[in-house]
Amino acid sequence: MSRYEASQIEAKWQEAWEAASIFEAKRTADKPKYYVLEMFPYPSGKLHMGHVRNYTMGDVIARYKLSTGHNVLHPMGFDAFGMPAENAAMAIGGHPKEWTYNNIDTMVEQMKPLGLSLDWSRMFATCDPEYYGQQQSLFLDFLEKGLVYRKNAVVNWDPVDMTVLANEQVENGRGWRSGALVERRELTQWFFKISDYSEELLSALDNLENWPAKVRLMQENWIGKSTGLAFDFTLKGAPEGFDKLPIYTTRADTMMGPTFSAIAADHPLAKALEAQNPEIAAFCTEARKLGTSEEAMEKAEKLGFDTGITVLHPADPTIELPLFIANFVLMDYGTGAVIGCPAHDQRDLDFARKYDLPVIDVFKPLDSDESVQDVAFVPAKTEKVRYVHWHGEAGTEITCKEAMARTLATYEKNGWGTAQTQYRLRDWGLSRQRYWGCPIPVVHCDNCGVVPEKKENLPIQLPDDVSFDKPGNPLDRHPTWRDCICPNCGKPAKRETDTMDTFVDSSWYFARFTAPHSETPTDMAEAEYWMNVDQYIGGIEHAILHLLYSRFFARAMQICGHLPEKSIEPFDALFTQGMVTHAIYENAERKDENGRTIYHYPSEVEERDGGTFVKKTGEEIKVIPSAKMSKSKNNVVDPLAIISAYGADTARWFVLSDSPPERDVEWTASGAEAAHKHLSRVYRIASEAAAMDTGAGKDDETLLREMHKAIRDVTLGVESFGFNASIAKLYGFTNVLAKSKAGGDAKRQAAKVLAQLMSPMTPHLSEAIWDMLGGEGLIANAPWPVADEAMLVEDTVTLPIQINGKRRGELEVSKDLEKSEVEKLALAHEAVLKALDGGAPKKIIVVPGRIVNVVV
RNA sequence: GCCCGCGUGGUGGAAUGGUAGACACAGGAGACUUAAAAUCUCCAGGCGGAAACGCCGUGCCGGUUCGAGUCCGGCCGCGGGUACCA
């Protein structure tokens with residue numbers, strides 16, 4: 001009998017699949033289509049276990065759908081523009097293009113041995129001019145439909161490197177390379193009008209039944225619809241031209257509680273004051289040093305500067321409040337100005353205590369008359385409280401929600417303000433001051449202004465002759481690339497040098513896969529057939545931005561005639577798989593020559609004497625447990641090592657077993673060998689069955705019953721993303737088969753079904769077993785087994801008996817036994833008799849087929 | 001800070017509100033073997049007990065329920081996102 005030789009088996013069957021072209025997707029009318037897509041990878045250089053897990057899950061679905069009679073589209077590509085390529089060019093020389101395409105080649109080479117059922121003929125990278133040219137064409141269409149516009153927005157500016165920094169490149173307010181304190185700088189940038197679709201993107205979430213509830217909730221909160229009060233404070237003592245200060249608040253009911261007002265450092269009024277007062281200028285400069293990320297601003301110590309200006313309350317001008325400039329007010333949200341109500345907002349309370357401002361209770365708990373001290377009173381909006389200081393009658397006991405509604409009505413009636421609906425969602429800024437991205441196809445002409453490029457001139461290609469020896473955007477300093485002819489007047493003009501956010505690239509690739517070489521962004525006939533994505537799979541880290549942008553793009557593309565109406569929501573079902581995490585190994589003894597932390601690869605360290613050390617140098621390691629695998633932290637595991645040692649099926653089996661797909665999984669090396677042992681065992685069991693004589697055995701019926709149960713359970717697992725559960729069942733069924741005394745015919749039948757049930761996970765091994773047992777054709781094409789209901793029926797059931805909710809015994813009863821009969825049997829049970837001690841039970845709960853609980 | 005998750009044996013994890021720890025890993029004992037590897041059998045949450053069995057036990061505190069890992073409230077810890085990482 002031959003041994004399980006994974007490398008031979010895998011090469012053989014991968015060739016067989018390729019020869020039969022079974023994964024090439026073609027439109028056909030005779031089968032239902034199924035489009036399964038995993039979020040495409042960034043070509044970082046090496047495939048890691050997170051990719052393997054992601055694509056294996058998609059492959060399980062794709063192969064399962066193929067064997068249940070679907071016409072499957074399962075493509076793969078690369079999200080290939082982005083910062084790391086430019087960083088690599090700066091760090092190690094070379095060109096982003098070369099680096100990227102080399103990485104793509106490497107990763108494809110690493111992916112192929114996994115035996116994924118991918119249609120490689122559809123592969124593309126977003127940095128292919130063929131792709132980004134179509135993206136430029138989409139941009140022009142969006143521009144024409146008024147979905148794109150320009151406005152000023154702030155960026156992180158490194159004053160030493162003279163370059164724009166991404167939020168990730170700002171560490172504690174300093175540029176990551178120069179170490180200089182970051183400033184904010186205002187630039188004119190391009191924006192997509194996603195905020196016009198706020199309501200639509202919000203309400204359509206209700207239709208996404210096959211999306212995880214948590215993702216829908218995150219998107220709902222991100223869009224952030226609120227109803228509140230919009231009003232103007234009257235400014236007193238402000239510079240010329242500043243009479244009113246528009247404010248928006250979601251807590252209208254606390255309008256009698258504010259004791260200060262605050263504006264953002266980027267607010268026009270703050271800028272006007274800055275010009276007059278050096279102290280204010282100093283404060284604003286300091287406030288801007290936080291960088292532009294919301295996280296940095298919200299986490300920073302709350303600081304304010306009293307401008308000396310006051311604001312007058314719209315409902316009662318005798319109420320005069322101080323106006324601060326504060327570092328926690330966001331210019332991008334609302335009007336860039338807020339009211340501070342310390343009694344009912346913790347941040348406002350902390351601020352009030354710090355700057356010695358009064359605290360006014362607007363409402364109090366029903367059962368207390370205590371005033372707010374150090375903890376703000378923030379009840380749920382639906383909780384009833386007693387209003388002591390507001391526009392209604394003092395002492396009224398109502399919910400905050402009700403009080404808000406009444407306040408809004410009062411303000412509208414008196415003309416003090418208006419009820420307004422607002423969204424937190426901001427327009428999508430797509431301009432990037434970087435080279436390695438899709439050029440924005442517009443031209444700046446002295447005569448005509450900003451002019452769209454002509455479609456016949458697309459693609460506007462990136463120049464290859466650029467250098468990265470200096471920081472900043474090489475397109476800006478290229479000698480000739482900017483020079484062009486104005487498409488409008490024909491005079492010399494300059495190209496836009498900003499490129500597009502890489503989220504643009506990933507917002508429509510799913511549509512492009514339906515016709516990857518079309519001369520328009522999509523081919524409507526193909527899109528009509530293949531869209532929507534039936535199952536989309538990817539990381540939870542994309543729950544908001546990527547998925548929201550894609551939803552917007554689907555709408556915009558539909559408006560421009562590039563997607564059918566049904567694709568307004570492009571992803572019918574979404575599954576967010578967990579990440580593969582790994583400990584980070586940080587060198588505890590030294591930093592690198594630039595003073596930066598050194599991270600070691602898992603293969604470089606060893607555990608001994610209760611500690612972790614670098615193998616070569618013996619330096620001690622600080623172990624940071626369980627973090628997202630990240631190239632910059634070096635905590636990645638190379639799947640190729642597993643594949644070359646044990647084979648792709650082992651790697652596939654391993655990443656699917658144990659952890660539920662939606663949960664993060666901590667990579668450990670020990671499990672891979674065990675997975676391989678199991679696959680060898682399955683191979684051996686199948687070989688033994690193949691060698692048995694024909695004829696019946698004594699356990700045939702039992703084995704076949706277990707087989708049908710396995711079909712039912714494994715299928716259920718595959719259909720509900722319970723791959724780990726399916727695998728546990730497969731282990732169970734394998735054990736049953738191994739120990740069964742059934743005859744050759746029954747064993748061969750069971751082994752064939754086992755191979756089929758395993759085939760989405762371990763396709764090569766399954767083909768080998770199928771072949772060994774005389775299966776017809778490829779197992780990949782064989783119809784999925786169906787469980788025989790009659791074989792699943794059980795006659796008796798074991799009921800646990802609880803006494804006061806604790807298990808004290810069990811009862812073997814026929815499946816359909818009457819409740820009253822079960823009660824009688826339970827009361828006659830030894831453990832129950834003992835507990836009752838001659839008395840009568842207080843209550844008996846019988847849950848048919850489940851449990852009996854006797855309360856004594 | 002804010003939004004969203006997660007927390008169960010030595011480890012990964014299982015469990016429509018109904019027997020907590022399925023299925024595995026690591027571990028222990030044994031069989032086979034000259035021996036090892038491979039394979040096979042058995043044991044295994046903690047504490048007490050020879051055993052039968054008893055008590056405790058799903059991050060912490062409280063609640064709802066005949067019954068809570070699961071539902072509700074409040075904490076703690078970890079992870080993801082936070083609009084220029086992808």
Side-chain angles (χ1 to χ4, degrees), chain A residues 39 41-42 44 79 81-84 87 153 155-156 164-170 189 194 212-215 217-222 224 291-300 302 328 332 346-347 424-434 501-503 505-506 539-546 548-549 576 578-579 581 625-628 630-632 657-660 662-666 668 670-671 673-675 677-678 680-681 684 724-725 727-732 735 738-739 798-802 804-810 842-845 847 849-855:
Chain A
M39 291 179 186
Y42 178 78
S44 57
D79 187 15
F81 276 135
M83 279 203 320
N87 292 338
V155 293
N156 300 304
V164 176
L165 296 177
N167 285 334
E168 194 192 45
Q169 298 172 313
V170 179
Q189 308 200 58
I194 190 173
K214 63 181 170 186
V215 174
L217 186 57
M218 278 188 261
Q219 293 219 350
E220 182 182 327
N221 291 333
W222 184 261
T292 60
S293 83
E294 185 187 327
E295 185 195 2
M297 276 185 274
E298 289 279 358
K299 276 188 177 165
K302 310 295 177 283
F328 59 84
D332 287 325
Q346 191 61 44
R347 187 180 66 187
R424 204 186 76 99
L425 181 66
R426 308 197 297 253
D427 277 335
W428 171 11
L430 67 117
S431 298
R432 295 292 179 271
Q433 295 71 42
R434 278 189 264 282
D501 177 9
T502 57
F503 273 122
D505 312 338
S506 55
I540 186 67
E541 68 270 24
H542 294 295
I544 297 174
L545 294 179
H546 162 62
L548 192 62
Y549 291 155
T576 55
M579 292 173 306
T581 63
S626 198
K628 170 169 141 177
S630 154
K631 208 164 180 285
S632 61
S657 55
D658 290 351
S659 261
E662 68 276 13
R663 208 186 294 190
D664 290 353
V665 57
E666 168 98 23
T668 54
S670 60
E673 188 173 343
K677 276 188 191 174
H678 177 73
S680 304
R681 184 171 177 237
R684 199 167 56 242
N724 57 321
I727 285 184
K729 296 291 177 191
L730 285 166
Y731 269 107
N735 289 338
K739 289 176 193 175
T798 307
L799 289 183
I801 298 180
Q802 292 185 330
N804 293 337
K806 298 207 174 198
R807 185 177 181 276
R808 284 294 181 272
E810 57 185 35
K842 281 190 192 144
K843 200 172 179 181
I844 304 182
I845 292 110
V847 184
R850 274 286 176 193
I851 205 162
V852 183
N853 190 11
V854 182
V855 186

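Chain letters run A, B, ... following the sequence lines, proteins first and then strands; every chain starts at 1.
- In this model, the phosphate group of rA86(B) is approached by a side-chain N or O of T502(A) to a distance below 4.0 Å at OP1 or OP2.
- A salt bridge is defined here as a Lys NZ or Arg NE, NH1 or NH2 lying under 4.0 Å from an Asp or Glu carboxylate O, and R426(A) with E294(A) fails to meet this definition.
- To the nearest 0.5 Å, the span separating CZ on R432(A) from CE on M83(A) amounts to 9.5 Å.
- Distances shown here put every side-chain N or O of S659(A) at or beyond 4.0 Å from the OP1 or OP2 atom of rG12(B).
- At least one side-chain heavy atom of V215(A) sits less than 4.5 Å from a side-chain heavy atom of I540(A).
- To the nearest 0.5 Å, atoms CG (N156(A)) and CG (L165(A)) are separated by 6.0 Å.
- A gap of 14 Å separates the C1' atoms of rC75(B) and rG7(B), to the nearest Å.
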Identify each atom pair where a protein N or O and an N or O of nucleotides 65-72 of chain B are less than 3.5 Å apart, giving names and distance.
residue, atom, partner, partner atom, Å
rC66(B), O2', N853(A), ND2, 3.3
rC66(B), O2, N853(A), ND2, 2.5

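- Anti is the classification of rG28(B), since its glycosidic angle lies more than 90° from 0.
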side-chain contact (heavy atoms from CB on, under 4.5 Å) assessment of W222(A) paired with L545(A): CA-CA 9 Å; W222(A) 184 261; L545(A) 294 179; 3.9 Å; yes
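- Separating the CG atom of D658(A) from the C1' atom of rA26(B) is a distance of 12 Å, rounded to the nearest angstrom.
- Within the 4.0 Å cut-off from OP1 or OP2 of rA14(B), at least one side-chain nitrogen or oxygen of N724(A) is found.
- Here the separation of rA38(B) from rG49(B), taken at their P atoms, is 38 Å to the nearest Å.
- Picking from rU82(B), rC40(B), rU41(B) the nucleotide with the shortest atom distance to the side chain of E294(A) gives rU82(B).
- The backbone N or O of A543(A) lies less than 3.5 Å from a partner atom in the side chain of Q219(A), making a donor-acceptor pair.
- For rC40(B), one of the phosphate oxygens OP1 or OP2 lies less than 4.0 angstrom from a side-chain nitrogen or oxygen of R681(A).
- Checked against rA14(B), rG1(B), rG80(B), the side chain of E298(A) finds its nearest nucleotide in rG1(B).
- Comparing the C1' positions of rG5(B) and rG9(B) gives a spacing of 24 Å, expressed to the nearest Å.
- The residue V852(A) sits apart from the nucleic acid: no heavy atom pair falls under 4.0 Å.
- Nearest-nucleotide assignment on RNA chain B puts the 5′-proximal partner with A728(A), out of K677(A) and A728(A).
- A donor-acceptor contact under 3.5 angstrom links the side-chain atoms of Q189(A) to the base of rC84(B).
- Rounded to whole Å, atom P of rG21(B) lies 8 Å from atom CZ of R807(A).
- Within 4.0 Å (heavy atoms only), F328(A) reaches no atom of the nucleic acid at all.
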Distances for protein N/O vs nucleotides 4-9 of chain B N/O pairs under 3.5 angstrom?
none

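- Residue contacts for H678(A): at a heavy-atom cut-off of 4.0 Å it reaches no nucleic acid atom on any strand shown.
- One P atom belongs to rC61(B), the other to rA15(B), and the distance between them is 26 Å to the nearest Å.
- Separating the CD atom of E810(A) from the P atom of rG18(B) is a distance of 18 Å, rounded to the nearest angstrom.
- You'll find that the side chain of R850(A) is closest to rU16(B), out of rU19(B), rU16(B), rC84(B).
- In this entry the distance linking CZ of R808(A) with P of rC53(B) reads 11 Å, nearest Å.
- Looking at heavy-atom distances under 4.0 Å, E662(A) makes no contact with the nucleic acid at all.
- For the pair L730(A) CG and rA14(B) C1', the interatomic distance rounds to 15 Å; values are reported in whole Å.
- Taking CG from L430(A) and OG1 from T502(A), the interatomic distance works out to 11.5 Å, rounded to the nearest 0.5 Å.
- In RNA chain B, stems built from 3 or more consecutive Watson-Crick or G-U wobble pairs, each with both distances under 3.5 Å, span B:1-7 with B:76-82, B:10-12 with B:23-25, B:27-31 with B:39-43, B:45-48 with B:53-56, B:59-63 with B:71-75.
- P41(A) comes within contact range of no nucleotide atom at all, as no heavy-atom separation falls under 4.0 Å.
- Side-chain atoms of K299(A) lie closest to rG1(B) of the nucleotides rC40(B), rA83(B), rG1(B).
- Residue R432(A) has a polar side-chain atom (N or O) positioned under 4.0 Å from OP1 or OP2 of rC84(B).
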Step-by-step side-chain contact (heavy atoms from CB on, under 4.5 Å) determination, R808(A) to I801(A): CA-CA 6 Å; R808(A) 284 294 181 272; I801(A) 298 180; 5.5 Å; no
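- Using cut-offs of 30° and 60° on the angle between ring planes, the pair Y549(A) and W428(A) is parallel.
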Pair Q169(A)-N87(A), side-chain contact (heavy atoms from CB on, under 4.5 Å): steps then yes or no: CA-CA 11 Å; Q169(A) 298 172 313; N87(A) 292 338; 4.0 Å; yes
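- Atom pair R426(A):CZ and rC2(B):C1' shows a separation of 13 Å (rounding to whole Å applied).
- For the P atoms, the distance linking rG46(B) with rA52(B) amounts to 15 Å, nearest Å.
- At a threshold of 4.0 angstrom between heavy atoms, the contacts of S431(A) include nucleobase atoms, whether or not backbone atoms are also involved.
- Nucleotides rA24(B) and rU70(B) are separated by 27 Å at their P atoms, to the nearest Å.
- Considering every non-hydrogen atom in both P800(A) and R850(A), the closest pair reads CD-O, 3.1 Å.
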Stepwise side-chain contact (heavy atoms from CB on, under 4.5 Å) test for N167(A) and E295(A): CA-CA 10 Å; N167(A) 285 334; E295(A) 185 195 2; over 6 Å; no
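- One atom, CH2 of W428(A), and another, C1' of rA83(B), lie 11 Å apart when rounded to the nearest Å.
- Nearest to the side-chain atoms of R684(A) among the listed nucleotides rA86(B), rU39(B), rG13(B) stands rU39(B).
- In terms of phosphate contacts, K806(A) brings a side-chain nitrogen or oxygen within less than 4.0 Å of OP1 or OP2 of rC56(B).
- Going from atom CH2 of W222(A) over to atom P of rU82(B) covers 6 Å, rounded to whole Å.
- The CD1 atom of I845(A) sits 9.0 Å away from atom CD of Q802(A), with the distance rounded to the nearest 0.5 Å.
- At a threshold of 4.0 angstrom between heavy atoms, the contacts of G224(A) with the nucleic acid are absent.
- Looking at heavy-atom distances under 4.0 Å, I844(A) makes no contact with the nucleic acid at all.
- rU65(B) and rC71(B): their C1' atoms are spaced 10 Å apart (whole Å).
- One C1' atom belongs to rG59(B), the other to rG77(B), and the distance between them is 7 Å to the nearest Å.
- Comparing rU41(B), rG18(B), rG81(B) by their closest approach to the side chain of E541(A) singles out rG81(B).
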